[in-house]
Chemist: 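Once you've had a glance at the structure underneath, I'll fire off some questions.
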Amino acid sequence: MRLNFLIILILGLAISSYASPNVEDLITKQIEKELNCQRVEIKFYDNINKIKAEDVKKINLALISPNKQKIILETNRGEIFQLSCQITAYDRVYLTRKPLSKGQIIDETDFYESLLPLHMIPANAIKNIDDIVKKELSRSVGTGIAITKNMIKSSDMISKGQKVSIVIDTENIKISVKGQLQEASSVGSLVKVLNLNSKKVITGRLLDSNTVIMDF
């Protein structure tokens, strides 16, 4: 009997908590969405306990200074609350774990993920890990540096239909024939190319914008 009472009590508390979300949590989630960041910490200078989350109709953020903001709440009854607060927003960045050299191909062991305040993150910091792994560095960087787009060597796409030379280069023979790319691709990657002499589509590695080399 006592066990059943405890279960009912716990379920009741859970349902009550779900039905009446915390105002601070409601505001935090809204700010995270507006700033498109991973985490937000808010220090309120005004009492927000008098406001019920279910009464909130609209949340607006007004920036007063880098260290002080104002949140304006509008309720379903038409009430307006102006709340002074300090907001610290954090987002994901990738920092170098050790010094890296120009021309180095970046491996997952070369960096780590960290959450930093927005004001400490460079405007062009890379936030997608796929834009870092296996990419070539355009310059040398030190330890603990946020990886940015200008640190990654640009891999310009070569358009489909580009005329190229297909080169077969071995110890015994070197042949070059005219070809045409069958798909857009970046330098260094495998690409399908049409041999304009035999009319056959083969696969080679795009050496530069004008050359496809056959790997054997």
Side-chain angles (χ1 to χ4, degrees), residues 27-43 59-69 71 85-167 179-193 203-215:
I27 295 172
T28 298
K29 290 179 181 179
Q30 177 68 24
I31 301 304
E32 284 177 350
K33 182 178 179 181
E34 286 190 20
L35 298 181
N36 190 27
C37 61
Q38 295 292 315
R39 193 177 84 216
V40 165
E41 294 177 354
I42 305 178
K43 178 182 179 182
I59 301 173
N60 292 316
L61 173 63
L63 179 65
I64 300 174
S65 69
N67 296 319
K68 191 174 183 182
Q69 293 82 27
I71 293 175
C85 61
Q86 180 179 340
I87 298 174
T88 306
Y90 299 83
D91 206 0
R92 179 194 300 113
V93 290
Y94 296 99
L95 305 178
T96 53
R97 193 181 298 276
K98 57 187 177 182
L100 303 176
S101 304
K102 178 181 179 180
Q104 181 175 337
I105 304 300
I106 306 174
D107 187 76
E108 290 187 12
T109 60
D110 295 327
F111 61 89
Y112 62 96
E113 180 181 320
S114 181
L115 288 180
L116 292 180
L118 292 186
H119 70 272
M120 294 179 60
I121 301 177
N124 58 350
I126 297 177
K127 300 178 181 179
N128 186 347
I129 192 172
D130 293 332
D131 294 330
I132 299 176
V133 178
K134 305 304 180 185
K135 304 298 183 181
E136 182 180 347
L137 277 174
S138 62
R139 63 182 180 86
S140 298
V141 294
T143 303
I145 305 299
I147 301 176
T148 58
K149 293 179 181 178
N150 60 343
M151 293 179 186
I152 304 298
K153 187 174 181 180
S154 175
S155 55
D156 295 330
M157 297 293 291
I158 308 302
S159 302
K160 176 182 178 181
Q162 170 81 2
K163 297 293 179 63
V164 295
S165 294
I166 303 173
V167 177
Q180 185 177 38
L181 296 184
Q182 297 301 286
E183 56 188 351
S185 186
S186 58
V187 173
S189 62
L190 293 176
V191 64
K192 291 181 180 179
V193 58
T203 299
R205 190 170 300 278
L206 191 58
L207 186 64
D208 54 43
S209 59
N210 300 308
T211 311
V212 171
I213 190 165
M214 303 301 298
D215 293 331

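Bear in mind that the values here come from a model prediction, so they are computed numbers and not experimental data.
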Chemist: Looking only at non-hydrogen atoms, find the nearest pair between A89 and V40 and report the distance.
Modeler: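 Of all heavy-atom pairs spanning A89 and V40, the closest is CB-CG2, 4.1 Å.
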Chemist: Within the side chain of S101, is there an N or O that forms a donor-acceptor pair under 3.5 Å with the backbone of S140?
Modeler: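 Pair absent, no side-chain N/O of S101 close to backbone of S140.
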Chemist: Return the minimal non-hydrogen interatomic distance between L137 and L100, and the atom names on each side.
Modeler: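 So the two residues come closest at CD1-CB, 3.3 Å.
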Chemist: With E183, which residues qualify under side-chain contact (heavy atoms from CB on, under 4.5 Å), at least two apart?
Modeler: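 By the side-chain contact (heavy atoms from CB on, under 4.5 Å) rule, E183 matches V191, K192.
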Chemist: Atom CD of residue position E41 - does it have more than 12 heavy atoms of other residues, nucleotides or ligands inside 6.0 Å?
Modeler: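 Correct, the count exceeds 12.
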Chemist: Between D107 and D110, is there a donor-acceptor pair closer than 3.5 Å when you use the side chain of the first and the backbone of the second?
Modeler: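 Side chain of D107 to backbone of D110, a donor-acceptor pair under 3.5 Å: no, none is there.
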Chemist: When you measure from the side chain of S138 to the backbone of N150, do you find a donor-acceptor pair of N or O atoms at a distance under 3.5 Å?
Modeler: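 Present.
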Chemist: Under a 4.0 Å N-O cut-off, is there an ion pair linking E113 with R92?
Modeler: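 Yes, E113 and R92 are salt-bridged.
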Chemist: For the pair T96 (side chain) and G142 (backbone), establish whether a donor and an acceptor sit closer than 3.5 Å, ignoring hydrogens and angles.
Modeler: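 Indeed, once roles are kept as given, a pair shorter than 3.5 Å links the two residues.
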Chemist: Got a donor-acceptor contact below 3.5 angstrom from the E136 side chain to the Q104 backbone?
Modeler: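 Answer holds: no.
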Chemist: Check for a donor-acceptor pair, side chain of Q162 on one end and backbone N or O of S209 on the other, with a separation under 3.5 Å.
Modeler: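 Yes: the side chain of Q162 pairs with the backbone of S209.
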Chemist: Which pair of heavy atoms, one from M151 and one from R139, lies closest together, and at what distance?
Modeler: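 Distance-wise, the nearest heavy atoms are CE-NH2, 3.4 Å.
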Chemist: Applying salt bridge (Lys or Arg N to Asp or Glu O under 4.0 Å), can you list everything that pairs with K33, at least two apart in sequence or on another chain?
Modeler: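 Salt bridge (Lys or Arg N to Asp or Glu O under 4.0 Å) check on K33 returns nothing, list empty.
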Chemist: Can you name the closest pair of heavy atoms from L181 and S159 and give their distance?
Modeler: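 Closest pair (atom of L181, atom of S159, distance): CD1-O, 3.7 Å.
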Chemist: May I have all residue pairs that pass ring-ring contact (aromatic ring centres under 6.0 Å, His included) and include part of residues 86-127, sequence neighbours excluded?
Modeler: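 Listed once each, the pairs are Y94-F111.
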Chemist: Counting heavy atoms not belonging to N36, are there more than 12 under 6.0 Å from its CG?
Modeler: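 Not more than 12 within 6.0 Å, no.
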